[in-house]
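These values consider heavy atoms only, across backbone and side chains, with no hydrogens, waters or symmetry-generated copies.
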Amino acid sequence: MKKSGYEKDAYWNFIVETLPPEKLRELQVKKFRRIFEWAYEKSKFHRRLYQEAGIEPGDITSYEDVSRVPRVEKAMMRDIQRKDPFPYGDALCVPLEEVTEFRQTSGTTGKPVYQPDTWQDWEWWSEAWAYLLYAQGYRKTDRVFIPFGYNIFVAFWAGHYAAEKIGCEVVPGGVLDTEARILKIQELQATAMMATPTYVLGMADTARKKLGIDPARDLTVRKITCAGEPGASIPSTKRRMEEAWGAKVYDHVGATEIGAWGFECTAQPGGLHVNEALFLTQLEDVETGELIEEPGRRGKIVITALDRIAQPCIRFDSKDMAEWSADPCPCGRTFRIIKGGVVGRSDDITKIKGVLVAPSAIEEVVRSVNGLGDEFEIVVTKKGDLDDITLKVEILPEAEGHQEAILTELKDQLRLKTNLGYRIEVHPFNSLPRYEVKAKRFRDLRKHE
Amino acid sequence: MNQRELKRMDARIRGIKKAAQELKERHGGIPAVERNAARILASLKMLEINISDLSAFLTPR
């Protein structure tokens, strides 16, 4: 098999990765019907949703039929949580004792969403990552360093286990600080790494300024897999990272509720392949919900994880925006490509330092702290390669004597609710802009290009 | 890969699955057997996704 100049060992599973598109669609519909039936039978939440919409598994006979199935939004998952079976609620499709993994979303867009997984789901997570890492050239000969604070967020956990599955040697860089991580990479001659773009650039900066190490010259990392921010799909940021490290930088896209559903391959075709073996991804018009199949037209990504069983992800409204690429990939994969990666979100949520943040979440914190005025302003800028977020607040005149305690509470609550550290500026009371109609309290001054 | 080869792989996967399921059920009160058999089945599902689903799809019986 040599359809594209690539041998079959260039793929994790050459059979499915090079299936003709019409065969892939057929396979996806078949698998969609299976997971739909599973959720319909096992979960009260899903059955209620589908019965209200008047649709059942037997109604799905074509790719177009899939679009008739109601979308699930994050807010719906939040609503059912903390109920029986605790803490997941009635979208759970397996007995609670079969759940072996807990993860949660960051909660920066509201209350965190809990994600239960069985051991099979956890195998599936690493399988999805194995497809992507293999496509990015990870092999048994790689020593992979993971500078990630292993915690309740799924992030690079699955990357760790996928690298193991491929046969790489994995070095968990858990609680080490940045300098210690760089020195460990140097000591062990690691060949690959996974991190957010912000951190990839920050590490290079620290290496040069604090350790006198030039990553491109003095380290051996030659491929980097990014997640958490769009940077690795932004040409100028990708170029900066590749130059700083002397490495190929690859993007991937995923979410806690969905899985790792898209990846860049070594051909770097200017976009991300959708993993159509494990996910059914559809683009829909934001206004009309119409299915978008043609290249060049942006739509909202609605996605189904075809094999995830504990808390199925069926027609999840990701809020991400993308468009299909018209060009086939030189790598020979027939998995479709979203051009330029995820190009934005359908609402105002934005990523800062790799964390999704809704301005409303910050507003909620500011207004929950006694002694702070009603007005505030958030300014996001780039300091060098790093995101910087400034929060301007006012102290009420009667609370001025308690400024230190107020600011301590504010910082604690912000870190707790948004997982971010802020530069706090206290401004004289009544000096920040006041608005009568639509307030503009959030200013994102970063430029990606 | 030809369809016969795919079917052969699928048959082997089904054989392992049957054996792992039997081991899981007849664990003799040994948690080490029951839980490790359960893990084999979880891993086996990835073989089903990669081979059996395709075998059933590409070589309908």
Side-chain angles (χ1 to χ4, degrees), chain A residues 1 3 8-9 11-20 22-35 38 94-95 97-101 117-131 134 158 161-162 164-166 259 275-279 305-310, chain B:
Chain A
M1 193 220 110
K3 287 180 185 170
K8 67 181 181 185
D9 63 1
Y11 311 97
W12 183 243
N13 180 345
F14 74 91
I15 305 172
V16 71
E17 290 179 72
T18 59
L19 269 184
E22 64 278 8
K23 280 283 180 192
L24 264 177
R25 293 294 93 72
E26 266 184 64
L27 177 66
Q28 289 177 311
V29 171
K30 187 178 170 198
K31 291 179 70 165
F32 182 91
R33 200 162 49 234
R34 183 170 71 187
I35 193 69
W38 166 266
V94 296
E97 61 267 26
E98 286 187 24
V99 175
T100 58
E101 299 289 330
D117 282 313
T118 63
W119 187 255
Q120 179 181 306
D121 290 321
W122 199 237
E123 284 284 336
W124 169 86
W125 259 107
S126 58
E127 192 66 19
W129 267 83
Y131 271 87
Y134 207 82
Y161 290 113
E164 276 185 1
K165 187 181 280 205
I166 288 170
N275 184 338
E276 298 193 289
L278 304 183
F279 299 90
L306 296 166
D307 303 283
R308 195 174 188 181
I309 60 169
Chain B
M1 175 173 294
N2 63 41
Q3 295 186 345
R4 191 179 298 169
E5 212 173 329
L6 205 56
K7 281 183 98 167
R8 247 186 241 134
M9 288 172 82
D10 177 41
R12 288 193 183 105
I13 291 165
R14 280 188 277 120
I16 299 169
K17 186 175 183 178
K18 187 166 178 284
Q21 278 171 333
E22 283 172 5
L23 204 54
K24 186 170 179 288
E25 282 157 21
R26 299 172 199 171
H27 50 73
I30 306 169
V33 172
E34 195 262 338
R35 295 311 301 156
N36 279 304
R39 284 213 166 187
I40 289 169
L41 288 166
S43 293
L44 210 58
K45 180 66 186 176
M46 301 307 114
L47 286 174
E48 290 185 312
I49 288 170
N50 279 297
I51 297 297
S52 304
D53 285 353
L54 296 175
S55 171
F57 173 69
L58 295 173
T59 62
R61 292 185 183 102

Flag yes if more than 12 heavy atoms outside B/Met46 fall under 6.0 Å of its CE atom; otherwise flag no. yes
Measure A/Leu306 against the heavy atoms of chain B and call it side chain, backbone, both or neither at under 4.5 Å.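 Answer is neither: A/Leu306 stays 4.5 Å or more from chain B.
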Chain A against chain B: donor-acceptor pairs under 3.5 Å:
from: B/Ser43; atom 1: OG; to: A/Glu123; atom 2: OE2; distance (Å): 3.4
from: B/Asn50; atom 1: O; to: A/Asn13; atom 2: ND2; distance (Å): 3.0
from: B/Asn50; atom 1: OD1; to: A/Asn13; atom 2: ND2; distance (Å): 3.0
from: B/Asn50; atom 1: OD1; to: A/Tyr131; atom 2: OH; distance (Å): 2.6
from: B/Asn50; atom 1: ND2; to: A/Glu127; atom 2: OE2; distance (Å): 2.7
from: B/Asp53; atom 1: OD1; to: A/Arg34; atom 2: NH1; distance (Å): 3.1
from: B/Asp53; atom 1: OD2; to: A/Arg34; atom 2: NH2; distance (Å): 2.9

